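Right, one structure below, let's go through it.
Every chain is numbered from 1 and lettered A, B, ... according to where its sequence line falls, protein lines coming before strand lines. Quick note: numbers below take in every heavy atom, side chains included, and nothing from hydrogens, waters or symmetry partners. Predicted, not measured: the structure shown is a model, and the values here were computed from it.
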Amino acid sequence: MSHDEAKGASTPKDKHPTPLLDELETGPWPSFVTGLKRLRDSGDKQYAPMMNDLLGQLEHSYENRLGYWKGGTVSVFGYGGGVIPRFSEVADKFPASKEFHTLRVQPPAGFHYTTDLLRQMCDIWEKHGSGLIAFHGQSGDIMFQGCSTENVQKAFDDLNEIGFDLGGAGPALRTSMSCVGHARCEMSCYDEVRAHRTVINEFLDEMHRPALPYKFKFKFSGCGNDCVNAIHRADFAVIGTWRDDMKVDQEEVKKYVARVGRKYAIDHVIAMCPTRALSLNDDDTLDVDNRSCVRCMHCLNVMTKALSPGDDRGASILIGGKRALKVGDLMGTMIVPFMKLDTEEDFEKLKEFGRSLLEFFADNALEHERIGETMDRIGLPAFIEALGIDPDPNMVNHPRTSCFVRTDDFTAEAEKYFERKLHKDARAAAE
Amino acid sequence: MSHDEAKGASTPKDKHPTPLLDELETGPWPSFVTGLKRLRDSGDKQYAPMMNDLLGQLEHSYENRLGYWKGGTVSVFGYGGGVIPRFSEVADKFPASKEFHTLRVQPPAGFHYTTDLLRQMCDIWEKHGSGLIAFHGQSGDIMFQGCSTENVQKAFDDLNEIGFDLGGAGPALRTSMSCVGHARCEMSCYDEVRAHRTVINEFLDEMHRPALPYKFKFKFSGCGNDCVNAIHRADFAVIGTWRDDMKVDQEEVKKYVARVGRKYAIDHVIAMCPTRALSLNDDDTLDVDNRSCVRCMHCLNVMTKALSPGDDRGASILIGGKRALKVGDLMGTMIVPFMKLDTEEDFEKLKEFGRSLLEFFADNALEHERIGETMDRIGLPAFIEALGIDPDPNMVNHPRTSCFVRTDDFTAEAEKYFERKLHKDARAAAE
Amino acid sequence: MNVAVQPRRPVETGVPDPFLYMHPVLKKNYGNWAWHDRLRPGVLHHVSKTGEEVWTVRAGTQRQMDVYTIRLLCDIGDRFAEGHVRFTTRSNIEFMLSSVDKVEPLIAALENNGFPVGGTGNSVSMISHTQGWLHCDIPGTDASGVVKSLMDMMHHEFTHEEMPNRVRITTSCCQINCGGQGDISINVQYTKPPKINHDLVSKVCERPAVVARCPVAAIRPAMVNGVPSLEVDEKKCVCCGACYPPCPPMQINGADSTKIAVWVGGKHSNARSKPTFHKLVVANLPNNAPRWPEVEAVVKKILYAYKEHGRDYERLGEWIERIGWPRFFELCDFAFTKHHLDTWTGARKTMNMSAHVRF
Amino acid sequence: MNVAVQPRRPVETGVPDPFLYMHPVLKKNYGNWAWHDRLRPGVLHHVSKTGEEVWTVRAGTQRQMDVYTIRLLCDIGDRFAEGHVRFTTRSNIEFMLSSVDKVEPLIAALENNGFPVGGTGNSVSMISHTQGWLHCDIPGTDASGVVKSLMDMMHHEFTHEEMPNRVRITTSCCQINCGGQGDISINVQYTKPPKINHDLVSKVCERPAVVARCPVAAIRPAMVNGVPSLEVDEKKCVCCGACYPPCPPMQINGADSTKIAVWVGGKHSNARSKPTFHKLVVANLPNNAPRWPEVEAVVKKILYAYKEHGRDYERLGEWIERIGWPRFFELCDFAFTKHHLDTWTGARKTMNMSAHVRF
Ligand code: SRM
Ligand code: SRM
Ligand code: SRM
Ligand code: SRM
Ligand code: SF4
Ligand code: SF4
Ligand code: SF4
Ligand code: SF4
Ligand code: SF4
Ligand code: SF4
Ligand code: SF4
Ligand code: SF4
């Protein structure tokens, strides 16, 4: 829709003038304002008046540089969450949009759609809502934005009929995201769709009936590139990785070096490896010290044909990511360096680990405390002990530098370690 | 002295048996026990009985694995510090060593001696002390160890006569150290002897008459190799550096590469540069991105012939290093990225900066608080403001990541910065 | 509670099965891809281990889409792209093609309809944005407007791959920061303590909960002209805004308080360096709706300094780590102030405890 | 106060002028050196910009020297080395020579008299040691004995340059750690809270000062069987020993409490990586005088793992950073326990907040 078209259709008598918003119709990027106006201008549609007042209120916000929504409580039958209620503080001026609630709806894992499905959603939202939909919110929900209290249930019922369910809001399990991964990415180290659905669908009760101390988010990325920002933005991040050696096609390496030149290859691949695990041989083949490689993905990203993850694949699990509120930003901390994700049992294990985390969170977190805050409050040793996880050097950048600690049980703790090691080696030998 | 000799001479009747210490006479490394015994066995010397009982007490410590010294107060006329008093808790068993004080004596800057000077010191210590001397203590003092209360003054007078003075102890300015630097090192970026003597000799009053909240240490290293461990172990660390481009002799670079081979040179120099400021050209010459170089010294250390510091030399000053007590280890923080150290005025400036630090410390530190702790307690912004130092990005690894700060005066602060910049550029243009 | 009346019980289907909607070639080669490259900006080419290929065309959207826009995209998808699409983490839309011939016609159709094609590889992708005035109950600014303004400015960088590496920008319309970390982050930064409407506090706020929310314990219960209310110690307050959501009468927003700060060097990927938080560059920019020109100017400076000086594969923060913060501030002509020195928990670890120095 | 009686006023000479004692070639070329290399372990060769050369021979000493040893070194210095010497930061002695011919005879003389020649370049140098039972008032162990035992074990590594880079070891005889940071650090680590002799506390301790000394506020004033004393909350106490020096009746030492911990990866130089603190490897080793075999065994493991696997120029800690801590613990067959997870201020920043992982 060229913006002239839109302009053409806009601001007759009965419509709120929007001089400030109009300025957001210029320029090459698709304009949300133009979109809102088209909804406003669909005279035949139930939402046209609502969108006229919505534009009026938004223009009002742009004038005064203040927001005019307040929260409240709205939900659908059987659920305690999934709807973000919005009531206007300036309903007197803009009555038609006095209620402008959002339904958070969980997307198919990996955000795959058919045009047919999208059309069905549009039809439902034209019928009950404002006609305004976001693909997607930052937590991954399809956000059906702008619904009267009365229509929330209807809209949900229709969406639910075509197989869609509400997402999370409030102190609850939140909607999750998984990267495109297996569906279209050679870096993918586990089946993201399966992990995402296995875990979340197991704990839907925690999502639909908020009863946790605070929000809890899972996110699934198939490799260290972390295309869904899991480490920063999830309480429970599942990041694909591999245990064995990466695969190297030396012929492709040579082709790469031939194409870009030695100096370029050295400066951009060899010298950029964070652990100096790479060395370019004089014959332009690549030396990889796999024990030192930290699976950062850089060299694989650059030489997509020559290098790829090993065969013994699975995931690392990091706990405790969140944004700034209260304690400052926290990133997820490496808690499970490797979990195989292959068989039915493997995914069971992942699910059970998720359960133990949710239970620990429910039992130990203070009100409005994220699990990352709990971890900081009680300390990593107490945290993993409570979860029955053994200490692992991968959990830290380096061991303690502070001598302020009581170590009289050090020897006993060391014994435990050696016993575990013995068993592990025994198992390894058995395999 | 082969250890048999020593053994031969040892443990007749009147001497304390030292079966445990004797075990420290075996092995190739020079044995302090053998040395102690030789003192004990110098029947003609005043200190022989003292050293017999000293060995007795030390053996007693080895048996019970406990120390038996306690402190007290001993000093020389006119001074409040510089002597570490030691009174034996087991004087009943070992009366001759009931007093075993140490005189801390400041060494020549850079630890240079003539054999003649050393002999004079030996003679003095044979006359008044135990005959046991340490070159040097961890803070750089010559430690004349083992002196009766009565002889402390005599020993000091004789040492003072030959031009030596006591060092620091207690809540005072401490003895300082400087690396060999200018005297025998091509990396040296300023005159360490001059800096060391200019600063310390200015503040001797703070050393000899302890009146500070706690200890305060200066240390001087001529470059980032920090051969006197200044950053970790000094409240005030002066580290040589340069502002202009490093010097590169490309012919020597080629020779080096020819000698060690390309792969080796790349893996050990290029890839080890912390900021990827180096790149090896295909003709085996070196590209240096001097703006990115952080003066870490690595490449200069490896290619001593090919590379050397630039001409515009001086020092960085880091404040707040200390060991673990109370708050945990602290390293010095970069406070003055560059101070020219060339002319009389430059060294004046260094001295004056030292003074402002000592005054700030005296006025603001709590009792038994090191300046690094004060810095942490009040925060870096308040610390530099109090010292009248302008914020500089070199002070931090990176700017703040936390949004929890009140920034309503940001614009005013920014103005100040731009004014400073204007003046700086003006000065630069003028030069 | 305001529950609609129908008795229909929800079917708790949870996360929908994507295989019902996934492009057949993706489905067929699920978990079996071999390598990829890029034909041109906005076009990915993936090859599976069986040799099968798929081309993906990525286009930008406004995220907050009206049904007309969505249907228009569906029409294009049906006419040129086999009826399957996906959306990315950054609200871009992707069309999958089983043959390369359709790539150009598809791109033409998208561009003719005003959808920029790009966002791949070393380009500037869509800004991940948040709600703001359009829908949130605590916003300091609008998100859609900021994003639209900036994407207009960066249109060329979205449709071309001319950056050293991908640039992922985020924006947040209040200090809660739903937008997360970014190579460049444009976030509301409050500059004043909350202004309290004491008459309302006891009515609408759970006072102990509000007191507990403050990160620096600056809030204490107090009687103010006869009514129980809350007081803020302005010396302690770090203007974080955490007290406002649970207690709207503690108004944190206002012309003198709601400013915008720009941060750089946030990174999520583990490629080369570990993930990082973004760092403060400029604060106190005016909340200048509808087009935030001052913000645009700052972002532009950063973007083009990086474009000119960064090396291939260096993310924005990695580039700065290499050339150093002194040089970065110099190149962008930004001021380095006391506010850039961290003062929060763990600040000591952000200081330069070494002789590494740059000139 | 116990002041000796003579009225002689001190001449406050301060730091002596080293040019009175400095070797003439060093003095002549002060600030004018061009480059250096090493002839062999223990021998440095410096060339000045005027082409003048000086050879330096470095030998180990016991630091705690008797006058006979010092005079012996002086004799050697006079006979073979022009009468000038210096001591290094690590208590090694250095003889400067203006001609290379005297190098071998000097080395022979030193070795014949039991002084190991080495400590240069990529060797293990002398351990920087502290006082301990010999002189300190708060020691948990002896320093001279530990150093002697370890240097015996490492004699070959002092006299040869076979390590990836220099190895600088430190030892400290109580948790105050006068020895500082090291590639390897051997430090007393207390494992129990202090045992309090309540009868003495009020007599010898300034109680408020002692309370103030505790890093975790575990000490509180209390009346114990009638007398004012101090109490320790053993749940809080981190066994740091800070209360012992100001209050000897709070005995921190004892067979069950005075143990030895070994740390690795401390670094002072700014070469390549920034300076670092050392990290805990093994704790709770017995304080086994006179030769500390258990400590020796641990140090040996670390040293030879580094020697075998480290790359040229990597310091011990840098080597571990490259191969990773999991591999290091594996190579040395040490146990990784909960005590290796930091719990002190800023601990969060020591955690692995990334997907960087090693197998
Ligand atoms: C489609 C998408 C996943 C999805 O499920 O939607 C995706 C897809 C791919 N990502 Fe990504 N990434 C996607 C979001 C991300 C994000 C998250 C974000 O942008 O919010 C990140 C983390 C960014 C950060 O660090 O802050 C991300 C960091 C990467 C990286 C790491 C780059 C680096 O050097 O740091 C790679 C590796 C590469 O580019 O070679 C990568 C590589 C890829 C590859 C090449 C993987 C593959 O082999 O197919 C895909 C094409 C990339 C391209 O655009 O050229 N992807 N990728 C997301 C597209 C977002 C968009 O529309 O712009
Ligand atoms: C809609 C959305 C922004 C968007 O436009 O995309 C959003 C909107 C809100 N977020 Fe958020 N957050 C959204 C993703 C995030 C993310 C990103 C993510 O999930 O990856 C974060 C950072 C990661 C994290 O979880 O920390 C995020 C961190 C917050 C926080 C701070 C949490 C913290 O512990 O620091 C709050 C405040 C709170 O929860 O009290 C918050 C609170 C809110 C509230 C509910 C404001 C409030 O307290 O009333 C906003 C409702 C806006 C509205 O009217 O719809 N939102 N919020 C995102 C959810 C859409 C979806 O469901 O898909
Ligand atoms: C003599 C002495 C200075 C003094 O005033 O006494 C000294 C002298 C030299 N040091 Fe040093 N360093 C001396 C203590 C130190 C210390 C402090 C310490 O050991 O306690 C350090 C810091 C160690 C640390 O990081 O913990 C130190 C870190 C270096 C480095 C950095 C090495 C690295 O890669 O990290 C170099 C560079 C090099 O070796 O090329 C260096 C280089 C040098 C050079 C090559 C400088 C030169 O060009 O002459 C000198 C000969 C080194 C050699 O032994 O081969 N010196 N050097 C000290 C000898 C101590 C000893 O007897 O072993
Ligand atoms: C002698 C010496 C060890 C040695 O054998 O070399 C030493 C010995 C003592 N140190 Fe030290 N320190 C010695 C260098 C150091 C260093 C290293 C340095 O200066 O580079 C440090 C670490 C750096 C620092 O300053 O933090 C050091 C950190 C301490 C501390 C902890 C200070 C802190 O803030 O963490 C104390 C405890 C105190 O001051 O209360 C301390 C206290 C002591 C006392 C006075 C114990 C006491 O409180 O009674 C020791 C006296 C032993 C004795 O009987 O002689 N000593 N002390 C060193 C001084 C010799 C000299 O003057 O040359
Ligand atoms: S996270 Fe890894 S696996 Fe997932 S899409 Fe990105 S690159 Fe592919
Ligand atoms: S994946 Fe990363 S760490 Fe591993 S070799 Fe490649 S660049 Fe190095
Ligand atoms: S610190 Fe630098 S200048 Fe001083 S001796 Fe060491 S290498 Fe030379
Ligand atoms: S001195 Fe250090 S930072 Fe500078 S170029 Fe050499 S190696 Fe790189
Ligand atoms: S960032 Fe703040 S204003 Fe914006 S959506 Fe999130 S909570 Fe609302
Ligand atoms: S704005 Fe933040 S710091 Fe200030 S009172 Fe409110 S919660 Fe506390
Ligand atoms: S480390 Fe402790 S015991 Fe050893 S000298 Fe220093 S203070 Fe004394
Ligand atoms: S040992 Fe340390 S932690 Fe324990 S009581 Fe004494 S000072 Fe406090």
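Within 6.0 Å of atom NZ in A:K340, more than 12 heavy atoms from other residues, nucleotides or ligands are found, so the atom counts as buried in its surroundings.
When ring centroids are compared, D:H340 and A:Y417 stay outside the 6.0 Å threshold.
Across A:P391 and D:L341, no two heavy atoms sit closer than the pair CB-CD1, 4.4 Å. Heavy atoms only, all atoms of each residue included: A:G320 and D:R348 are closest at O-NH2, 3.6 Å. Minimum interatomic distance between A:F410 and D:V282 (heavy atoms only, all atoms of both residues): CZ-CA, 3.9 Å.
For the pair D:V357/A:V294, no side-chain contact is recorded, criterion being any heavy-atom separation below 4.5 Å from C-beta on. Within the 4.5 Å cutoff, the side chain of D:M353 has no heavy atoms near those of the A:I231 side chain. At a threshold of 4.5 Å between non-hydrogen side-chain atoms, the residues A:L380 and D:M351 count as touching. For the pair D:L280/A:V405, no side-chain contact is recorded, criterion being any heavy-atom separation below 4.5 Å from C-beta on. A 4.5 Å side-chain heavy-atom check between A:N397 and D:E321 finds every atom pair outside the cut-off. Looking at A:R406 and D:P193, their side chains come closer than 4.5 Å, going by heavy atoms from C-beta outward. Annotation: side chain of A:C403 is in contact with side chain of D:W263 (closest heavy-atom distance under 4.5 Å). At a threshold of 4.5 Å between non-hydrogen side-chain atoms, the residues A:P399 and D:F329 count as touching.
Contact tally against chain D (heavy-atom pairs below 4.5 Å) for A:I317, A:L318, A:T241, A:I239: the top residue is A:L318. Contact tally against chain D (heavy-atom pairs below 4.5 Å) for A:E413, A:H398, A:M331, A:K416: the top residue is A:H398.
Classified by interplanar angle (parallel below 30°, tilted 30° to 60°, perpendicular above 60°), the ring pair D:F359/A:F338 is perpendicular.
Between A:K421 and D:D333 a salt bridge is recorded (basic side-chain N to carboxylate O distance below 4.0 Å). Using a cutoff of 4.0 Å between basic side-chain nitrogens and carboxylate oxygens, A:R276 and D:E318 are not scored as salt-bridged. Under the 4.0 Å criterion applied to side-chain N and carboxylate O atoms, D:K259 and A:D408 are not assigned as salt-bridge partners. A salt bridge links D:K338 to A:D409: one of the charged nitrogens lies within less than 4.0 Å of a carboxylate oxygen.
Only the side chain of A:D289 comes within less than 4.5 Å of a heavy atom of chain D; its backbone N, CA, C and O stay farther away. Residue contact with chain D, scored on non-hydrogen atoms closer than 4.5 Å, involves the side chain of A:S316 exclusively. Of the two parts of A:F404, the backbone and the side chain both hold a non-hydrogen atom closer than 4.5 Å to a non-hydrogen atom of chain D. Interface remark: D:A283 contributes backbone and side-chain atoms alike to the contact with chain A (heavy atom separation under 4.5 Å).
Side-chain atoms of D:N352 never come within 3.5 Å of backbone atoms of A:M334 as a donor-acceptor pair (strictly under, hydrogens ignored). In terms of modelled atom types and a separation under 3.5 Å, the side chain of D:D342 and the main chain of A:T401 share a donor-acceptor contact. For the pair D:R358 (side chain) and A:C293 (backbone), a donor-acceptor distance under 3.5 Å is absent.
Side-chain atoms of A:T411 and D:N284 include a donor-acceptor pair closer than 3.5 Å.
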